[in-house]
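Okay, structure first, notes after.
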Amino acid sequence: MKKFYITTPIYYVNDRPHIGHTYTTVLADVIARYHRLAGEDVFFLTGTDEHGQKVAQSAEKAKISPQEHCDKFSQRFKNMWKKLNISYDYFIRTTDADHIEVVQKALQKLYDSGDIYKSTYEGWYCVPDERFWTEKDLKDGKCPECGRPVVKIEEENYFFRMSKYQQWLIDYIEKNPDFIQPDFRRNEVLGFLKKPLNDLCISRPKKRLQWGVELPFDTDYVCYVWVDALLNYCSAVGLYADDEKFKKWWPADYHLIGKDILTTHAVYWPILLKALGIEMPKTIFAHGWWMVDEKKMGKSLGNAVDPYALESLLGPDRLRYYLMRDMVVGQDASYSLSGLVSRLNNDLSNDLGNMLSRITNMVSAYFDGILPAPAESVDSETEKIQKVISELPAKVKNDIDRMKIHSALEDVNSAIRAANRYIETMQPWVLAKEGNREILGTVLFTATQLLAKAGILLYPVMPQKCSSLLNAIGFSGAISIETASADVVVDAGSKIEKPKALFPRIDLKKARASLGLSVKPPQKSEKTEEIITVDEFFRSQLVVGEVISAEYAPNADRLLLLEVDIGTEKRQLVAGLAKWYKPEELRGKKIVIISNLKPAKIRGYESQGMLLAADDGKTVSVLTVDKDVPAGSKVR
Ligand code: MSP
């Protein structure tokens, strides 16, 4: 059986879990669950990072021991993951005795092999980040990472010979294109490695910090928290303790991280492994950040969105769906409650939920709740939708394998929309009136197969809702990719039940109130952009936008709904292009957008900008850019 080992970063125990941590963990969970559905043997690791100055300080403030403090706060992460149905196989804590033992063994090995040496350090130190900086690293005399003041220190410390492995790392990254992903992050790391690499200070004198792993070769020191933390990925699977286990799981297939911790994972970690003679992980994948009003969401910025409140408003599955659907893995995404509400109402209430209730209602009304068999030969509309249905599992798998989770969800959703259109075209209620039971049965059978495939393929994202969906349509097989790939997923004769509304519509005003937000949403565009009308086009701001997704607007034949990344955020655009373009022809295109138009409602859909196109009276051609400039580039 193929093994699959996936990790999240271990989170600082001091933080309260926010949407950023929640995102990485849900992403890892979704990928882990897909791999389990594909029949692989999966190990999914998460945990908490518990040593260091900040933890010691917080414990002192609370007048409890650091260990008590960690026990209390680590539990908050566990509680959150339980609420969100995170199916981790192991939760590691860096204060676990067996982890500490592994860190000490690793340090001793490095010391014995001569890769650790003692020297005097003179330079700048950022106390909250626990990091050393040279004079030239500083930005305006402050910490280049967090912008806080630094202090000058001179002390004896232990150093790890990172510089010795710099060329090896460059060659390794160049030879292994999958090692750091996405590609632009690999280039960023290679760019960083053009400058000479300093040796890494891996100790902290106990007189300054005691809450850490003691160096095995000098008890006056503890280990730098990142060296301790990174080793969790190996200690969790038995390094130096259980060879068989380690052999089974290592190397990790994916280290999922946020872009904020790329250097530690893509430079320190591989060099540590190399020096220890341990195989490299297969892929380090850095995703982007959730932003609020164009700023990174985080505790220190005071703009962290509380996953507890969102979970109690939405339940776990809809929160999971939103996080997976609205971030293109690798890029930043902007969080807004209105975006969340419209995404969930559109995809889940209008499309999937609507289809489920239509089909279950009709099977109940016309066939006493027993799924009818299809006709032997079918009409061309049914053939068309059958093709969409049968291609869906492979499409989704391909997207997941390429980390395009949002596309996988879009694939399922667009199949559901196509099936809703198929139902409109076939008008089963008319077929029922006419007594055309053969075609009526075919329509209901066919649509039910799609619901079953969607239920399986969306299961890793929404395990509870999908179980209810699959139960409602009488599915009794094993939830697996193999089952989803079969032609018939639910047999004729299965008992169909009318489920309770699985995805009730969310009311934005009520949602705002339940989250304790003021009822009038902040007018973001008023704050950041000048609002103009079309007549004032003169003053328009033009930017390059990348089309992330495109789809036909339900119930509005001429319109396409586009989701466009304009660098700082994603926008929904409504364009009268359906006559000239198929949605897939626009996906991925870099187009030109007027970004500061007052949002307008077109046939009930909000358009947050306009795209430019040429029109010669016969055809319409969308303006694109000649070179591959990034989304958000200004058009002057
Ligand atoms: N303890 C270290 C990691 C050690 S791993 C050996 C750490 N912890 S953290 O609590 O700060 O978590 C950082 C991770 O949380 C990021 O890498 C990212 O995965 C996630 N996020 C934190 N804020 C985020 C956003 N605003 N958006 C998306 N994810 C971000 O660093």
Side-chain angles (χ1 to χ4, degrees), residues 4 6 8 17 19 21-46 77-91 256 307-308 310-327 329 340 343-344 347-349 351-353 355-356 392-393 396-397 399-400 405-406 408-413 415-416 450-485 489-490 497 499-504:
F4 183 76
I6 186 164
T8 72
I19 288 292
H21 312 124
T22 306
Y23 172 74
T24 318
T25 313
V26 170
L27 178 63
D29 187 53
V30 165
I31 297 169
R33 284 174 182 269
Y34 268 109
H35 283 262
R36 289 194 197 108
L37 245 55
E40 292 172 24
D41 197 5
V42 172
F43 194 81
F44 166 19
L45 175 71
T46 190
F77 281 90
K78 280 194 176 163
N79 295 346
M80 188 69 230
W81 304 155
K82 190 163 181 210
K83 270 188 188 298
L84 291 174
N85 280 316
I86 303 299
S87 62
Y88 58 79
D89 294 289
Y90 190 59
F91 189 101
L256 280 186
Y308 291 93
L310 275 184
E311 194 279 330
S312 43
L313 174 72
L314 306 168
D317 285 3
R318 289 188 295 179
L319 175 55
R320 292 167 60 106
Y321 184 88
Y322 168 71
L323 292 175
M324 293 301 100
R325 179 64 186 86
D326 268 23
M327 184 180 266
V329 184
L340 176 149
R343 166 64 71 202
L344 296 178
D347 284 16
L348 300 181
S349 312
D351 297 334
L352 181 59
M355 167 131 169
L356 176 67
L392 186 61
V396 167
K397 181 176 184 311
D399 281 335
I400 300 288
I405 316 293
H406 72 290
L409 299 184
E410 165 60 18
D411 293 339
V412 176
N413 206 245
I416 297 283
L450 174 58
L451 278 172
K453 287 190 196 237
I456 296 174
L457 296 171
L458 294 177
Y459 181 85
V461 181
M462 299 189 287
Q464 287 179 352
K465 296 279 181 192
C466 289
S467 294
S468 310
L469 181 153
L470 290 166
N471 278 338
I473 58 173
F475 172 82
S476 57
I479 302 180
S480 72
I481 301 289
E482 197 184 338
T483 316
S485 310
V489 186
V490 185
E497 276 163 24
K500 276 198 273 160
L502 268 192
F503 302 107

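When reading the values below, keep in mind they use all heavy atoms of this one structure, side chains included, and skip hydrogens, waters and symmetry mates.
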If you round to the nearest 0.5 Å, how far is CG of Leu45 from OG1 of Thr8?
6.5 Å
Output, in order, the C-alpha distance, side-chain angles, deciding distance and verdict of side chain to side chain contact (heavy atoms under 4.5 Å, CB included) for Thr25 and Leu84.
CA-CA 10 Å; Thr25 313; Leu84 291 174; over 6 Å; no
Heavy atoms, side chains only, cut-off 4.5 Å: are His35 and Ile6 in contact?
no
To the nearest 0.5 Å, how far apart are CZ in Phe503 and CG in Leu352?
5.0 Å
Please check if the side chain of Asp351 supplies one atom and the backbone of Ile416 the other of a donor-acceptor pair under 3.5 Å.
no
For the pair Phe4 and Ile31, evaluate side chain to side chain contact (heavy atoms under 4.5 Å, CB included) and give the outcome as yes or no after the intermediate values.
CA-CA 10 Å; Phe4 183 76; Ile31 297 169; 3.8 Å; yes
Which atoms form the tightest heavy-atom contact between Ala408 and Ile400, and what is the distance?
CB-CD1, 3.8 Å
Smallest separation among heavy atoms of Leu319 and Ile19, with atom names:
CD1-CD1, 4.3 Å
State whether the side chain of Arg320 and the backbone N or O of Met462 hold a donor-acceptor pair below 3.5 Å, judged by distance alone.
no
Val412 and Ala454: which non-hydrogen atoms are nearest, and at how many Å?
CG1-CB, 3.8 Å
Can you tell me if Ser312 uses its side chain to pair, donor with acceptor, with the backbone of Tyr308 under 3.5 Å?
yes
Kindly determine whether Lys397 and Ser485 satisfy side chain to side chain contact (heavy atoms under 4.5 Å, CB included), including the steps that lead there.
CA-CA 11 Å; Lys397 181 176 184 311; Ser485 310; over 6 Å; no
Output for pair (Trp81 CH2, Asp29 CG), nearest 0.5 Å, gives 10.0 Å
Output the distance between atom OH (Tyr459) and atom CG (Leu469), rounded to the nearest 0.5 Å.
12.5 Å
Considering all heavy atoms of both residues, which atom of Val30 and which atom of Pro460 are nearest to each other, and what is their separation?
CG2-O, 3.6 Å
Does the side chain to side chain contact (heavy atoms under 4.5 Å, CB included) test come out yes or no for Tyr90 and Thr46, once each step is laid out?
CA-CA 7 Å; Tyr90 190 59; Thr46 190; over 6 Å; no
Which atom of Leu392 lies closest to which atom of Ala415, heavy atoms considered:
CD2-CB, 4.0 Å
From Leu458 atom CG to Arg325 atom CZ, the distance as rounded to the nearest 0.5 Å:
11.0 Å
Rounding to 0.5 Å, atoms OH (Tyr321) and CG (Leu340) come to a distance of 11.5 Å
For Leu457, is there any backbone N or O sitting under 3.5 Å from a side-chain donor or acceptor partner on Tyr34?
yes
Tell me whether Lys465 contacts the main-chain N or O of Arg318 through its side chain, where contact means a donor paired with an acceptor under 3.5 Å.
no
Using side-chain heavy atoms (C-beta onward) and a distance below 4.5 Å, is Asp317 in contact with Val461?
no
If you take all heavy atoms of Pro316 and Gln464, which pair is closest and at what distance?
CG-OE1, 3.7 Å
